[in-house]
Visitor: 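My questions all concern the structure below.
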Amino acid sequence: MIESLLVANRGEIARRIIRTAKRLGIRAIAVYSEADADLPFVAEADEAVLIGPPNPAQSYRNAEAILAAAKSTGAQAIHPGYGFLSENAEFARTVESSGLIWVGPDADAITAMGDKINARNLMAAAGVPVAPGTTNPAADLDAAVTAAAEIGYPVMVKAAAGGGGMGMGVAVDEAALRTEYDKVRAFAERMFGDGSVLIERYFPRVRHVEVQILGLADGRVVALGERECSVQRRNQKLVEESPSPAVSPELRSRLLAAAVRAGEAVSYRNAGTVECLLDPETNEFFFLEMNTRLQVEHPVTEYVYGVDLVEEQLRVASGLAPTFDPDALAPSGHAIELRINAEDPKRFLPGPGVVRTWVEPTGEGVRVDSGYTEGNTVTPFYDSLLAKLIIGGATRDEVLERARAAVAAFQIEGPKNNVPFFAELLTNEEFLSGAYDTGIVSRMR
C-alpha cells in the first residue's frame, strides 16, 4: 500500500481523502492556498504546504508548485480529487514521469475521454449507445447549421473539451443555434483553450443517470451501480441518489454492461463515471460523457455498495486487489446526497461570507462531508460547495424521512446557502414520486 499521499485539492474532498488515508495508516499531506489556511482539511492533514495565493491558477492548478510540495515532503503518490488538475492528462503524465504514483486513470485514458467528440466515437465503436450528433467538431457556424438540420431540433451545443455542465447551450431553431454556437465557442476557448463544438440531439424531458465504474489492478472493469442525478440547476447537479428510482433491474443490467464496455474500450484503471441520458418514455439511454476521476456524488455509491471508493482507488494505484468480491457486487438499501452550496436558494447565485454558525445534523444513516466549520470564510475564488449531506437507509421512503429531519437540523448562518431549497424539494410531489427529470428545478422556480 502507498505510504504517503499528497492531496492536490481543497475543501470537503481533500478532507474526505485525508480521512481515509489516515484510517489506512498513510501519511496525508495537504496543499493549500493563502485563502484556505484556516480550513479544516489543512489542520487535519499530517503535514500541509502553502502553495500560493487564492487564484487557482497560482495554487491548485499550479502543477509546478504541487510537484515541488510532493518532493519537499517526500510524498509517494498524488490524489487529485475532482476539479482542478484531476482530468489534466499532462499533469498525470508529469506526476508519473517524476517517479510518483498517480491515483487515477492513466493519461491516455484521460486524453481519450476528455474530448467529447472523440469519446462519443470511441463509445459508438464499443457498442455503447450514443445520441444522434456530430462525429467531428462543427468547423464553423455553417457546418453547425447543416448538422442541426440533419439531427433535428432542438439540439444541444456543447464544448468538446468541456465538463461539469459547463460550455453547453440549447437551440430550438436556427436563429437560436447561431447565437448559442458563438456563445459556446467563445466560452470554450476562454475556459478550456479549445473552441471545438459538437452538436447533439437535445431531449427536452430526460433523466441524467450515471454508472460508477472501477478499473481494477488486474485489468478487469467492474460497475458499482447507478446514480440518479436529474435534480440540476444550470446543467449542474444538486441532488444524487442510488439506486435510481427510474431504473428497473433489466435496464440496470443494460446500463452497467454498457458502462463496463466503455471502461474496457480505453483499458480503464481506477475510479471513473460513465454518464448517460435516459429517455423515461422509451427507457433508451445514450452515452453523455465519461468523468475520469472520483465524482462529487461518490458517497451514495459507498453507502449502497458498502465500499470506501477512496480506499479502492488507493488499492488500485498500489497494485492491490479490491476489498470486495468483484463477482458478487449487489446494492443494498438506498442513499441520497444533497449538495449544500453557498448560494441563495431561489436564483442559486453565489453568496460567500464568514460562517457565523455551523451545526451539522446527526442521526441514523446521516453523513456530512464538509469543507467548512464555524469561523471559516467562504471566499469567491472557488466552487460554492460547502458540504455534502448524505442520507442512507433501507428504503427510499426511509431515506426521504431522514433527509427531511437532517435538513431541518442543518444550521448555517453567514454565507447564503441552499438548505431552504432542499426543504422545499423534499416535500415536492414530483420528487417524492421518483418520476422526475432534469427540468424539475425549473418547474419549481
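Because the structure is a prediction, the values reported are computed rather than measured.
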Visitor: How close do Phe41 and Arg15 get, heavy atom to heavy atom, and via which atoms?
Guide: CB-N, 3.8 Å
Visitor: Can you name the residues that form a salt bridge (Lys or Arg N to Asp or Glu O under 4.0 Å) with Asp369, not counting sequence neighbours?
Guide: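 Partners of Asp369 under the salt bridge (Lys or Arg N to Asp or Glu O under 4.0 Å) test: Arg19, Arg367.
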Visitor: Who pairs with Asp194 by side-chain hydrogen bond (donor to acceptor under 3.5 Å, both in side chains), at least two apart in sequence or on another chain?
Guide: Ser196
Visitor: Mind checking side-chain hydrogen bond (donor to acceptor under 3.5 Å, both in side chains) for Glu240 and listing every partner two or more places apart, or none if nothing turns up?
Guide: Arg339
Visitor: Do we see a donor-acceptor contact under 3.5 Å between the side chains of Glu87 and Thr292?
Guide: yes
Visitor: When rounded to the nearest 0.5 angstrom, what distance separates CD in Glu90 from OG1 in Thr111?
Guide: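 Taking CD in Glu90 and OG1 in Thr111, the distance rounds to 9.5 Å.
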Visitor: With no hydrogens and no angle check, is any side-chain donor or acceptor of Arg404 less than 3.5 Å from a backbone partner on Leu426?
Guide: yes
Visitor: Could you go step by step and tell me if Phe324 and Tyr305 meet the ring-ring contact (aromatic ring centres under 6.0 Å, His included) rule?
Guide: CA-CA 9 Å; Phe324 57 85; Tyr305 279 83; 8.7 Å; no
Visitor: Verify salt bridge (charged side-chain N to carboxylate O under 4.0 Å, His left out) between Lys116 and Glu200, making sure each step is shown before the conclusion.
Guide: CA-CA 11 Å; Lys116 286 185 171 57; Glu200 282 183 353; over 6 Å; no
Visitor: Among Arg252, Arg396, Glu228, which one satisfies side chain to side chain contact (heavy atoms under 4.5 Å, CB included) with Pro243?
Guide: Arg252
Visitor: By the side chain to side chain donor-acceptor pair (under 3.5 Å) test, which pairs, at least two apart or in different chains, include something from residues 52-72?
Guide: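 Every pair satisfying side chain to side chain donor-acceptor pair (under 3.5 Å) with a residue in residues 52-72: Asp36-Tyr60.
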Visitor: Name all residues meeting the salt bridge (Lys or Arg N to Asp or Glu O under 4.0 Å) criterion together with Asp327; count only those two or more places apart in sequence or in a different chain, and write none if there are none.
Guide: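 Only Arg220 meet the salt bridge (Lys or Arg N to Asp or Glu O under 4.0 Å) criterion with Asp327.
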Visitor: With sequence neighbours excluded, what pairs up with Arg190 under the side chain to side chain contact (heavy atoms under 4.5 Å, CB included) test?
Guide: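 So Arg190 forms a side chain to side chain contact (heavy atoms under 4.5 Å, CB included) with Phe187.
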